**Student:** 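Submitted below is the structure of interest, expressed as structure tokens.
All chains are named by letter (A, B, ...) in the order of the sequence lines, taking the proteins before the strands, and each is independently numbered beginning at 1. None of these values were measured; they are calculated from a predicted model.
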Number of protein chains: 2
Amino acid sequence: MEPLTIGKVARLAGVGVETIRFYERKGLLEEPPRRPSGYRQYPEETVSRIRFIKRAKELGFTLKEIEELLSLRVDSASACEDVRQRAEAKIVDIKRRIRTLNNMERALAKLVSACQNRSPMSKCPIIEALDQSEKP
Amino acid sequence: MEPLTIGKVARLAGVGVETIRFYERKGLLEEPPRRPSGYRQYPEETVSRIRFIKRAKELGFTLKEIEELLSLRVDSASACEDVRQRAEAKIVDIKRRIRTLNNMERALAKLVSACQNRSPMSKCPIIEALDQSEKP
DNA sequence: CTACATTCCGTACCATACTACGGAGTCAAG
DNA sequence: CTTGACTCCGTAGTATGGTACGGAATGTAG
């Protein structure tokens, strides 16, 4: 497993070279070792890490939140109880997101079936679905 | 049900007055009727609409995508088949998001239980979980 | 050994989604 | 009828998350 250049990592992860340098500046990627010339040398797992960042971003997490997610690990350097608490807070947040998405999905399904019945719906079902979901 | 001023809508929806005018400029909210003085008069449903925008934003939808979601309705002015297709595309997208969030949640749960067993995990489980989830 | 691609760095620019400002007009409680 | 809060509008500024540029050094295929 030879180390990867920044350009190869970028292609494999589906981002631009500049994005990788940007994430490094922001602390989402740690500074990789360098060749004598100064060229960065990445381990392959960096590709997974960047792909994770991409997906998490699509789900509405900010880079700051993503950094928090990435720092959640049980290792010698982090206090277990602290990690557990932070992970549980994230789980609560994620559960809430899933619930909202489920409501949206149901609303859209209702819309599709109303369509097939040629029954016009006066109001926007997706707003109504989420309106309800505030209350329970 | 008296019409609401922009300030009341803002308080009820939990956004700033400027945000509402911004959404109006962007086409996410239609221009409300005005008093002779020029003051905007909103129906109450505008509050739900803005709350929907807020939630959808938190889930990672852009304002452009949110506009698309909000325009999905079966009414006299829109072709049923077109609405159905666009709604189904959104459903696919939402299902994918839910799947990814479920994977993240499982990974975090694993992390929490590893914590309780005091078993250190060398790698970040959340990245691994999503790595897998690309393949099936 | 050439030629072309890639990398380096700093800085500047970009789009999105707000947020603030300022000066004038409006509303509503006392 | 005053006074203080609210609204109007246009324009400018902010934060986030990139994206582009440009000139020098490095890498690599033929």
**Student:** Quick one: label B:Lys57 by what it contacts on the DNA or RNA (base, sugar-phosphate, nothing), any heavy atom closer than 4.0 Å.
**Tutor:** sugar-phosphate
**Student:** Applying a 4.0 Å non-hydrogen cut-off, can you work out what A:Gly38 is touching in the nucleic acid: base, sugar-phosphate, or nothing?
**Tutor:**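 Sugar-phosphate: the residue A:Gly38, judged by heavy atoms under 4.0 Å, touches backbone atoms but no base.
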**Student:** In terms of side-chain heavy atoms of B:Ile6, which of D:dG18, C:dC9, D:dC8 is nearest?
**Tutor:**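 Shortest atom-to-atom distance from the side chain points to D:dC8.
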**Student:** Is the shortest distance from a Lys or Arg side-chain nitrogen in A:Glu65 or A:Lys90 to a carboxylate oxygen in the other one below 4.0 Å?
**Tutor:** no
**Student:** OP1, OP2 of D:dT19 versus side-chain N and O of A:Thr19: anything below 4.0 Å?
**Tutor:**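 The answer is yes; a side-chain N or O of A:Thr19 sits under 4.0 Å from OP1 or OP2.
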**Student:** Whole Å only: how far is the NZ atom of B:Lys54 from the C1' atom of C:dC18?
**Tutor:**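 In whole Å, C:dC18 C1' and B:Lys54 NZ are 13 Å from each other.
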**Student:** Hey, does B:Gly16 reach any base, or is it just sugar-phosphate, or nothing, if we go heavy atoms under 4.0 Å?
**Tutor:**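 B:Gly16: no heavy atom of the nucleic acid under 4.0 Å.
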**Student:** Counting only side-chain nitrogens and oxygens, does B:Thr62 get under 4.0 Å of the OP1 or OP2 atom of C:dT16?
**Tutor:**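 So the side-chain polar atoms of B:Thr62 never come under 4.0 Å of the phosphate oxygens OP1 or OP2 of C:dT16.
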**Student:** Between A:Arg21 and C:dC8, is there a contact of a side-chain N or O with OP1 or OP2 at under 4.0 Å?
**Tutor:**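 So the side chain of A:Arg21 is outside the cut-off, no N or O lying under 4.0 Å from OP1 or OP2 of C:dC8.
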**Student:** Can you find a pair of side-chain heavy atoms, one from B:Leu63 and one from B:Ile53, that are under 4.5 Å apart?
**Tutor:** yes
**Student:** In terms of the nearest nucleotide of DNA chain C, which residue is placed more toward the 5' end: B:Ile53 or B:Pro36?
**Tutor:** B:Ile53
**Student:** Would you indicate which nucleotide in C:dT6, D:dC8, D:dG17 comes nearest to any side-chain atom of A:Phe22?
**Tutor:** D:dG17
**Student:** Taking CD from A:Glu67 and C1' from D:dG17, how many angstroms apart are they, rounded to a whole number?
**Tutor:** 14 Å
**Student:** Taking C-beta and beyond as the side chain, do A:Gln41 and A:Pro32 meet within less than 4.5 Å on heavy atoms?
**Tutor:**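 No. Closest side-chain heavy atoms not under 4.5 Å.
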**Student:** What is the distance from CG of A:Leu28 to P of D:dT16, rounded to the nearest Å?
**Tutor:** 13 Å
**Student:** Please give, in whole Å, the distance from D:dG27 C1' to A:Gln41 CD?
**Tutor:** 12 Å
**Student:** Please state how far atom CD1 in A:Ile20 lies from atom P in D:dT19, giving the value in whole angstrom units.
**Tutor:** 12 Å
**Student:** When you measure from the side-chain N and O atoms of B:Lys26 to the phosphate of C:dC18, is any distance below 4.0 Å, counting only OP1 and OP2?
**Tutor:**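 No, outside the criterion.
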**Student:** Whole angstroms only, please: what is the CG-P distance between B:Leu63 and D:dG17?
**Tutor:**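 That distance rounds to 15 Å.
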**Student:** Might you list the N or O atoms of the protein lying below 3.5 Å from N or O atoms in nucleotides 28-30 of chain D, with each pair's distance?
**Tutor:**
none

**Student:** So A:Phe61 and A:Arg97, do their side chains get closer than 4.5 Å, heavy atoms only?
**Tutor:**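 Yes, close enough: below the 4.5 Å cut-off.
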**Student:** Under a 3.5 Å cutoff, is there a donor and acceptor pairing between the side chains of B:Arg106 and B:Asn103?
**Tutor:** yes
**Student:** Just how far, in rounded Å, is C1' of C:dC18 from CG of B:Leu29?
**Tutor:**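 To the nearest whole Å, that distance equals 14 Å.
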**Student:** Take a 6.0 Å sphere around CD of A:Glu81 and say whether it holds more than 12 heavy atoms from other residues, nucleotides or ligands.
**Tutor:** yes
**Student:** Any non-hydrogen side-chain atom of A:Arg40 less than 4.5 Å from a side-chain atom of A:Pro33?
**Tutor:** no
**Student:** So, are B:Glu88 and B:Arg84 salt-bridged, with charged N and O less than 4.0 Å apart?
**Tutor:**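 Looking at B:Arg84 together with B:Glu88, the answer is yes, because their closest N to O distance falls below 4.0 Å.
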**Student:** Using OP1 and OP2 only, check whether a side-chain N or O of A:Tyr23 sits under 4.0 Å from D:dG18.
**Tutor:**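 So the side chain of A:Tyr23 is within the cut-off, an N or O lying under 4.0 Å from OP1 or OP2 of D:dG18.
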**Student:** Whether the side chain of B:Tyr39 and the base of D:dC6 hold a donor-acceptor pair under 3.5 Å is what I'd like checked.
**Tutor:** yes
**Student:** Could you work out which one of D:dG17, C:dT19, D:dC6 sits closest to the side chain of B:Glu18?
**Tutor:**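 It is C:dT19.
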**Student:** D:dT7, OP1 or OP2 - any side-chain N/O from B:Arg40 closer than 4.0 Å?
**Tutor:**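 Checking D:dT7 against B:Arg40, no side-chain N or O comes under 4.0 Å of OP1 or OP2.
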**Student:** For C:dG25, does OP1 or OP2 lie under 4.0 Å from any side-chain N or O of B:Ser37?
**Tutor:**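 Checking B:Ser37 against C:dG25: no side-chain N or O falls below 4.0 Å of OP1 or OP2.
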**Student:** Pick the nucleotide of DNA chain D nearest each of B:Arg25 and B:Thr5; which residue has the one closer to the 5' end?
**Tutor:**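 Closest to the 5' end, via its nearest nucleotide, is B:Thr5.
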**Student:** For a quick test of reading the model: is some side-chain N or O of B:Arg34 closer than 4.0 Å to OP1 or OP2 of D:dC9?
**Tutor:** yes
**Student:** Rounded to the Å, how far apart are B:Glu24 CD and C:dC18 C1'?
**Tutor:** 16 Å
**Student:** Determine, for A:Arg49 against A:Glu45, whether the closest basic-nitrogen to carboxylate-oxygen distance falls under 4.0 angstrom.
**Tutor:**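 Salt bridge flag = no for A:Glu45 with A:Arg49.
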